[in-house]
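Note: hydrogens, waters and symmetry copies are ignored here, and every other heavy atom, side chains too, is used. Residues: numbered from 1 along the sequence shown.
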Amino acid sequence: MSEELYPRLTKALAEKRRSLAPEAESAFRQFSQTFFQEGALPRKMKQLIAVAVAHVTQCPYCIEGHTKAATREGATPEEIMEAIWVAAEMRAGAAYAHATIALNKLENKPTE
């Protein structure tokens, strides 16, 4: 992660973020903890999904945090990489699928 573009999250930065909006911080933390508990999906699977989504949203903090969490939940490097490839396919698939918008526009272009 580029230190120039994305600063490391330090305890001081985390405390400042929390102090500027404590209610929102608390609500977000509770929201997050709720959904990463064991449920219909096991915790490991939820973390693998989070790793994949973090790559699609391109959040370096989420990539690092959820990769660590997935590993703590027992995910192997192969499972993590496969989740990343699934995310890449979905991202590429969206571009491919949206080509229909451009093709439709080309077929229905104005006569001017």
Side-chain angles (χ1 to χ4, degrees):
M1 182 170 18
S2 169
E3 292 298 319
E4 295 147 15
L5 187 58
Y6 298 103
R8 286 265 171 224
L9 180 59
T10 63
K11 187 174 183 174
L13 283 174
E15 288 174 3
K16 182 171 186 166
R17 182 175 59 190
R18 186 174 18 262
S19 73
L20 293 171
E23 295 83 14
E25 169 83 15
S26 177
F28 183 77
R29 188 174 302 277
Q30 184 176 1
F31 178 76
S32 182
Q33 288 172 351
T34 297
F35 293 104
F36 282 100
Q37 294 301 313
E38 196 77 19
L41 295 175
R43 292 164 60 114
K44 181 174 102 173
M45 185 177 294
K46 289 179 181 186
Q47 288 299 337
L48 287 168
I49 292 168
V51 168
V53 171
H55 280 79
V56 172
T57 61
Q58 299 177 323
C59 174
Y61 300 105
C62 297
I63 291 169
E64 284 189 8
H66 289 290
T67 298
K68 287 178 190 175
T71 301
R72 280 194 308 268
E73 294 298 331
T76 65
E78 292 81 7
E79 289 172 320
I80 291 169
M81 194 65 232
E82 192 166 318
I84 294 166
W85 277 113
V86 169
E89 189 283 333
M90 292 299 295
R91 186 74 174 172
Y96 174 72
H98 280 81
T100 58
I101 296 169
L103 293 172
N104 187 55
K105 186 63 175 176
L106 289 170
E107 289 179 6
N108 298 310
K109 60 185 174 188
T111 56
E112 298 179 305

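- With sequence neighbours left out, Phe28 forms a ring-ring contact (aromatic ring centres under 6.0 Å, His included) with no residue at all.
- The side-chain hydrogen bond (donor to acceptor under 3.5 Å, both in side chains) check on Glu38 picks up nothing, with sequence neighbours excluded.
- Rounding to the nearest 0.5 Å gives a distance of 10.5 Å between OG1 of Thr100 and CD of Glu107.
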Donor-acceptor contacts under 3.5 Å from residues 65-72 side chains, at least two apart:
unit_1, atom_1, unit_2, atom_2, d
His66, ND1, Gln47, OE1, 2.6
Thr67, OG1, Ile63, O, 2.6
Thr71, OG1, Thr67, O, 2.9

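- Taking the side-chain contact (heavy atoms from CB on, under 4.5 Å) definition, one finds that Thr76 meets it with Glu78, Glu79, sequence neighbours left out.
- Of all heavy-atom pairs spanning Tyr6 and Tyr61, the tightest one is C-OH, 3.4 Å.
- Residues passing the salt bridge (Lys or Arg N to Asp or Glu O under 4.0 Å) test with Lys46, sequence neighbours excluded: none.
- Here the shortest heavy-atom pairing between Ala87 and Ala52 reads CB-O, 3.3 Å.
- Remark: Phe35 pairs with Phe31 by the ring-ring contact (aromatic ring centres under 6.0 Å, His included) rule, at least two apart or across chains.
- Between the side chain of Gln37 and the backbone N or O of Gln33 there is at least one donor-acceptor pair closer than 3.5 Å.
- The hydrophobic cluster around Met45 extends to Leu41, Ile49, Val53, counting ILVMFWY residues whose side-chain heavy atoms fall within less than 4.5 Å of a member.
- With sequence neighbours left out, Glu25 forms a salt bridge (Lys or Arg N to Asp or Glu O under 4.0 Å) with Arg17, Arg18, Arg29.
- Remark: side-chain polar atoms of Ser26 are not paired, donor with acceptor, to backbone N or O of Glu23 under 3.5 angstrom.
- Under the rule for a side-chain contact (heavy atoms from CB on, under 4.5 Å), the partners of Thr10 that lie at least two apart in sequence or sit in another chain are Ala12, Leu13.
- Hydrophobic cluster membership of Met81, counting Ile, Leu, Val, Met, Phe, Trp and Tyr whose side-chain heavy atoms lie under 4.5 Å apart directly or via other members: Leu48, Val51, Ile80, Ile84, Trp85.
- In this structure Arg91 satisfies the side-chain hydrogen bond (donor to acceptor under 3.5 Å, both in side chains) test with no other residue, sequence neighbours excluded.
- Using modelled atom types, one side-chain atom of Asn108 and one backbone atom of Asn104 make a donor-acceptor pair closer than 3.5 Å.
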